[in-house]
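Reviewing the structure listed below.
Computed from a predicted structure; not experimentally measured.
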Amino acid sequence: MIQQANAQCDGRYHDFIFSNVTTTTVTYSTSNSTTLLMDIYQPVGDTASMRPVIIMAHGGSFTGGDRTNDNVCTTICTNFAKRGYVCASIDYRLGNLLSMLDSTYAITTVMKALSDGKSAIRFFRKDAATTNTYKIDPNKIFAGGNSAGAVLYDHCAFIDSLNEVPVYLRAIINQNGGFEGNSGNDGYSSKMTAVINLAGGLNVPEFVG
């Protein structure tokens, strides 16, 4: 039986209760000699102090795109900020299109992106535990993306340990900082509450356990 559940929040998180959204560009990682940026979307005039977060990663086959030019991600960030969420559209490290024809290079590129995606989650938990600039609820962090961005966060969501992945992947993961990656904001969890998948998939279905 299909049922509908409605949150008792006076329309918050469901309806457009804010008219305007502010967007702030911040650096979330400077590891690996790379400066990674995210655009943080917040509802103007919001006084809530424990807000859920939605983090979106753009598409582009892990070789192109950025936090500003994937209309799917930017529209989701804007529309959900109007509903009372804090949202972020992130950049992550990309590879070279021709070099992606080499399987080892392609896997390494994806693993670097996973590392960056985890760091973006940790950025918000670190903020909540320190300056509390964004007034988020660290127990309600949702992450996902469009196309390659969905692939990125699908794997962050469903791979719980190195023991789940084939041996050849473990070596590449370890070369890029281990299971949590090497993109910074260390010491905080990179777990998410749920994943948002728009046109992405897992390398193997067995990762869903």
Next on the checklist: Under the criterion side-chain contact (heavy atoms from CB on, under 4.5 Å), I'd like the reasoning laid out for Phe123 against Leu36: C-alpha separation, chi angles, the key distance, then a yes or no.
Outcome noted: CA-CA 12 Å; Phe123 170 86; Leu36 294 174; over 6 Å; no
Which atom of [X] lies closest to which atom of [Y], heavy atoms considered:
| X | Y | value |
| --- | --- | --- |
| Leu169 | Met111 | CD2-CE, 3.8 Å |
| Ser183 | Asp116 | OG-OD1, 2.6 Å |
| Phe62 | Leu152 | CZ-N, 4.2 Å |
| Ala81 | Cys87 | N-SG, 3.8 Å |
| Lys82 | Ser19 | CE-O, 3.6 Å |
| Ala120 | Tyr153 | CB-OH, 3.7 Å |

Item to check | Partner set under side chain to side chain donor-acceptor pair (under 3.5 Å) for Ser119, not counting sequence neighbours | outcome: Asn185
Next on the checklist: Would a single hydrophobic cluster contain both Leu97 and Val110, if residues Ile, Leu, Val, Met, Phe, Trp and Tyr are joined by side-chain heavy-atom contacts under 4.5 Å?
Outcome noted: no
Would a distance-only check, ignoring hydrogens and angles, find a side-chain to backbone donor-acceptor pair under 3.5 Å from [X] to [Y]?
| X | Y | value |
| --- | --- | --- |
| Arg125 | Lys191 | yes |
| Arg122 | Gly184 | yes |
| Asp66 | Thr68 | yes |
| Asn174 | Arg170 | yes |

Show me, pair by pair, the donor-acceptor contacts under 3.5 angstrom made by side chains of residues 134-144, not counting sequence neighbours?
unit_1	atom_1	unit_2	atom_2	d
Asp137	OD1	Asn139	N	2.9

[X] side chain near [Y] side chain, heavy-atom distance below 4.5 Å:
| X | Y | result |
| --- | --- | --- |
| Tyr188 | Thr130 | yes |
| Thr108 | Asn176 | yes |
| Met100 | Ser61 | no |
| Ile55 | Tyr28 | no |
| Thr74 | Asn71 | yes |
| Asp186 | Glu180 | no |
| Thr133 | Val26 | no |

Item to check | Distance-only polar pair, side chains of Asp39 and Ser89, donor-acceptor under 3.5 Å | outcome: no
Item to check | Between Asn32 and Thr34, a side-chain donor and acceptor under 3.5 Å | outcome: no
Next on the checklist: Clusters formed by hydrophobic residues whose side-chain heavy atoms approach within less than 4.5 Å: which one holds Tyr41, and what are its other members?
Outcome noted: Val21
In Å, rounded to the nearest 0.5 Å, how long is the span from [atom1] of [X] to [atom2] of [Y]?
| X | Y | atom1 | atom2 | answer |
| --- | --- | --- | --- | --- |
| Leu37 | Arg67 | CG | CZ | 4.5 Å |
| Asp127 | Ile40 | CG | CD1 | 7.5 Å |
| Met56 | Met38 | CE | CE | 13.0 Å |
| Asn20 | Asp46 | CG | CG | 12.5 Å |

Item to check | Residues which pass side-chain contact (heavy atoms from CB on, under 4.5 Å) with Ser49, listed by chain and number, not counting sequence neighbours | outcome: none
Checklist entry - Under the side-chain contact (heavy atoms from CB on, under 4.5 Å) test, which residues partner Leu94, sequence neighbours left out? => result His58, Tyr92
Next on the checklist: Whether Lys118 engages the ring of Phe179 as a cation-pi pair (distance to the six-membered ring centre under 6.0 angstrom, angle to the ring normal within 45°) should be assessed.
Outcome noted: yes
Next on the checklist: Just to verify, which of Val72, Asn79, Thr78 counts as forming a side chain to side chain contact (heavy atoms under 4.5 Å, CB included) with Thr75?
Outcome noted: Asn79
Checklist entry - Which of these passes side chain to side chain contact (heavy atoms under 4.5 Å, CB included) with Asn182: Ser29, Ser31, Ser115? => result Ser115
Checklist outcome for this item: Phe80 meets the ring-ring contact (aromatic ring centres under 6.0 Å, His included) criterion, sequence neighbours left out, with Tyr85
